[in-house]
Each structure stands twice: as structure tokens, then as C-alpha cells.
Protein chains: 2
Amino acid sequence: MEKIDALKEVKNCPIQYVLSINDTLNVISGKWKLPILGSILFGKKRFTDIQRNIPKITPRMLSKELKELELNGMLVRTVHDSTPVMVEYSLTDSGQSITEVLDKMVEWGIQHRKAVITG
Amino acid sequence: MEKIDALKEVKNCPIQYVLSINDTLNVISGKWKLPILGSILFGKKRFTDIQRNIPKITPRMLSKELKELELNGMLVRTVHDSTPVMVEYSLTDSGQSITEVLDKMVEWGIQHRKAVITG
DNA sequence: TTTACTGCTATACTTTAGTATACTACTATA
DNA sequence: TATAGTAGTATACTAAAGTATAGCAGTAAA
């Protein structure tokens, strides 16, 4: 009985649901995405600013992740024609609103820690 | 100004916040964690049930992920002394409540898709 | 005695993610 | 002409995640 219901539920599970979760996971998973987003969260930053905020990241990774985040519509890259040239990265609205997801994750995480510790 | 505030914020950012997010990410990231949790979500399941639900997973990965999810307090493993032996996996309360996070991720994901498509 | 069902484990491999280190192109200042 | 600041790229590597394929241990029915 229960098994059949479960199967039905699984089959009803709309693809949109799964896709959305994957989209969300893609923009926050990996070693550096959250630190980078966190660095830009409170104001636009330049490449070297972010590097200074995250001392252990290599320029290769920072460059790669910034490109990916830009492609995914999380941030915007703006080049200023100054000398030396300056490039600013700032969050899009989507990039900003990921904090809502993160807040839920904090909430669950804290709750879960308590549950695991108290058994 | 803005830069200094940002730095302050980053420095105030409590470690608990970061740890909780990492805890949460750890239990849902990887290729198979969500499919497995999804399979058990609507009722306890046996090893082979889950395998049938997720045809492409190898027993090695299923076994490995189930162990990890159990260690992380997401599910409980129960052995029944029948013949042949039966092992049932069911979600803990924490395991169940991860759906709250997933729901937020769906919400954001859908919103984000719209934002990216409409530019 | 063979077959089949349960729930896995072992070994070797490939693929993806991340690291290390050095270097580039442009330009203004010393 | 050398140096320093901007924002990166190139190449080669290591480590982590995941795959492929085969097999094990227990039991019970054919």
C-alpha cells in the first residue's frame, strides 16, 4: 500500500522540481562559490579585493568560478576604462536572494546539529 | 565606507553560520544523496528497493552513501532477522525536515530561471 | 546439489575538482 | 628603462568523486 503510494509520488515528482534543486545546488556547491558570493554580498568587489578576502584561493580558481557565476546569472562583471583597468563584480538580484536559501540552510543545520548531539 | 562595512560584516560572520551551511550542504551534495533521500522520503525502503528506484546507481555507491547518510543522522538502518535477511532504511526527523530546505531551493531555482531567461 | 534471493564488499579504473607555479598584457610612475 | 599595479592565463600536476565488473556470505526452495 504504502509502497505503491510512494512510487506514485516519485513518479508524480515533476521534473521542474528536480531541475530547480539542481540549478540551486550548482550555483552554491564547490569549494569556493560560497566564499566568493559572500565576499561580494555586502558590495561590489574587484578581482584583487576578492583575492584578499579569500587568501587561499588561486587566481585560476577565482577566475574560473567568477566566470561560472556570471554565466549562471549570479553576478555581473563591469569593466572600468581606467588605468590600470578595473573590473568590478556585483551580485544580481538572483545572486542577492540566494541568501534566503542559505538562511534556511543555517536554520536546518543548527536544528540538525542539536538533534544529532542530543541523539 | 562601504568597503569597511563589508569587511566588518565578513568578520562578524559567525563561524556557526558557516558550519551550519556546510553541514547542510554535506548531506545533500554529491550525485546520489538526493535521489536516495527522495526514494526513502515517502516510506522506509530496503536496499534493493532503492536500487530499483535509482537504476543507474551501483551497489558500491548506494552502500557508501547510505553509510554516510546514517553517520550524518539522516537515516536509520534496521536489520530484520528474517530469511533472507532484510534491511530497512528510514529517515530520521532531521532527514524528513531537509524537505524544508529543498522547498526553498525549488522556490529560488524557479525564480532564478525566470530571471535568467527574461534577462 | 544447484539456483536464487538478500545485502552487500573488493579491486581497479576513469573522470571531475582543485592546486602549484609560473607567466602574460597593458600602462603609468619613478 | 625598470618597477609596480591592474586582471587575469597556461601548463602540469594531485586529490576526490564516481564507475565498472566481479564476487562473497547466508539461507531456503527446486
Side-chain angles (χ1 to χ4, degrees), chain A residues 3 18 21-40 43-72 74-91, chain B residues 3 18 21-40 43-72 74-91:
Chain A
K3 209 147 129 193
V18 174
I21 293 179
N22 280 340
D23 283 356
T24 310
L25 276 176
N26 279 340
V27 299
I28 57 177
S29 57
K31 187 168 180 181
W32 300 113
K33 297 249 174 63
L34 279 180
I36 292 169
L37 292 175
S39 171
I40 311 173
K44 56 192 175 189
K45 290 267 162 59
R46 284 176 300 136
F47 193 90
T48 34
D49 288 335
I50 306 173
Q51 265 197 95
R52 271 189 284 269
N53 273 189
I54 312 169
K56 290 182 181 169
I57 199 170
T58 61
R60 183 189 191 279
M61 284 311 283
L62 181 51
S63 170
K64 195 181 144 252
E65 299 290 52
L66 284 171
K67 267 178 198 159
E68 244 184 274
L69 288 167
E70 196 195 357
L71 258 173
N72 286 333
M74 294 295 282
L75 49 82
V76 171
R77 183 177 180 270
T78 317
V79 183
H80 295 275
D81 267 355
S82 54
T83 51
V85 85
M86 286 215 297
V87 179
E88 274 180 344
Y89 293 92
S90 53
L91 290 186
Chain B
K3 210 147 130 193
V18 175
I21 294 179
N22 280 340
D23 283 357
T24 309
L25 277 176
N26 278 340
V27 300
I28 57 176
S29 57
K31 188 168 178 180
W32 300 113
K33 298 249 173 62
L34 280 180
I36 292 169
L37 292 174
S39 172
I40 310 171
K44 56 192 178 189
K45 289 266 162 63
R46 286 176 299 138
F47 193 90
T48 33
D49 288 335
I50 307 174
Q51 266 198 96
R52 272 189 283 268
N53 273 190
I54 312 169
K56 290 182 183 170
I57 197 169
T58 61
R60 183 189 192 278
M61 285 309 284
L62 181 52
S63 170
K64 195 182 145 252
E65 299 291 53
L66 285 171
K67 267 180 196 158
E68 246 185 88
L69 288 167
E70 196 196 356
L71 258 172
N72 285 334
M74 294 295 281
L75 49 81
V76 171
R77 182 177 182 271
T78 316
V79 181
H80 295 274
D81 267 356
S82 54
T83 50
V85 84
M86 284 214 300
V87 179
E88 274 178 345
Y89 295 92
S90 53
L91 290 186

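Naming: A, B, ... by sequence-line order, numbering from 1 per chain. As the structure is a prediction and not an experimental result, all values here were calculated from the model.
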Rounded distance (Å) that lies between atom [atom2] of [N] and atom [atom1] of [X]:
{"X": "B/Tyr89", "N": "C/dG7", "atom1": "OH", "atom2": "P", "result": "8 Å"}
{"X": "A/Lys31", "N": "D/dT14", "atom1": "NZ", "atom2": "P", "result": "17 Å"}
{"X": "A/Arg52", "N": "D/dG8", "atom1": "CZ", "atom2": "P", "result": "14 Å"}
{"X": "A/Ile57", "N": "D/dA7", "atom1": "CD1", "atom2": "C1'", "result": "14 Å"}
{"X": "B/Lys56", "N": "D/dA20", "atom1": "NZ", "atom2": "C1'", "result": "15 Å"}
{"X": "A/Glu70", "N": "D/dG8", "atom1": "CD", "atom2": "C1'", "result": "14 Å"}
{"X": "B/Met61", "N": "C/dC13", "atom1": "CE", "atom2": "C1'", "result": "14 Å"}
{"X": "A/Glu65", "N": "D/dG8", "atom1": "CD", "atom2": "C1'", "result": "15 Å"}

Is there a side-chain polar atom (N or O) of [X] under 4.0 Å from OP1 or OP2 of [N]?
{"X": "A/Arg77", "N": "D/dG8", "result": "yes"}
{"X": "A/Thr58", "N": "C/dA20", "result": "no"}
{"X": "B/Ser63", "N": "C/dC8", "result": "no"}
{"X": "B/Lys64", "N": "C/dC8", "result": "no"}
{"X": "B/Lys67", "N": "C/dT9", "result": "yes"}

Between [options], spot the one nearest the side chain of [X], thanks.
{"X": "A/Arg46", "options": "D/dT19, D/dT11, D/dA7", "value": "D/dA7"}
{"X": "B/Val87", "options": "C/dC5, C/dC8, D/dA7", "value": "C/dC8"}
{"X": "B/Pro84", "options": "C/dA22, D/dG26, C/dT11", "value": "D/dG26"}
{"X": "A/Trp32", "options": "C/dA28, D/dT9, C/dG18", "value": "C/dG18"}
{"X": "A/Phe47", "options": "C/dT27, D/dA7, D/dA10", "value": "D/dA7"}

Identify whether any heavy atom of B/Thr48 sits under 4.0 Å from a base atom; if not, whether one sits that close to sugar-phosphate; answer base, sugar-phosphate or nothing.
sugar-phosphate

Counting the atoms with a prime plus P, OP1 and OP2 as sugar-phosphate, which does A/Met86 contact under 4.0 Å by heavy atoms, base, sugar-phosphate, or nothing?
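Touches sugar-phosphate only.
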
For D/dT21, does the base pair up with any side-chain atom of B/Arg60 as donor and acceptor (N or O, under 3.5 Å, distance only)?
no

If you define the side chain from C-beta out and look only at heavy atoms, does anything of A/Val87 sit under 4.5 Å from A/Arg77?
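A side-chain contact exists here, since the closest heavy-atom pair is under 4.5 Å.
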
Residue pair B/Ile57 / B/Ile36: nearest heavy atoms and the distance that separates them
CD1-CD1, 4.2 Å

With B/Leu25, which of B/Asp23, B/Val27, B/Ile21 fulfils side-chain contact (heavy atoms from CB on, under 4.5 Å)?
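Of the listed options, the one satisfying the test is B/Ile21.
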
If each of B/Val85 and A/Gln51 is mapped to the nucleotide of DNA chain D with the nearest heavy atom, which maps nearer the 5' terminus, i.e. the 5' end?
A/Gln51

Would you say the side-chain atoms of A/Lys64 pair up with the backbone N or O of A/Arg60, donor to acceptor, closer than 3.5 Å?
no

I'd like to know if the side chain of B/Lys67 reaches the main chain of B/Ser63, judged simply by a donor and an acceptor atom lying under 3.5 Å from each other, with no hydrogens or angles considered.
no

Salt bridge check: are A/Glu65 and A/Lys31 linked by an N-O gap of less than 4.0 Å?
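Judged by the 4.0 Å cut-off on N to carboxylate O distance, A/Glu65 and A/Lys31 do not form a salt bridge.
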
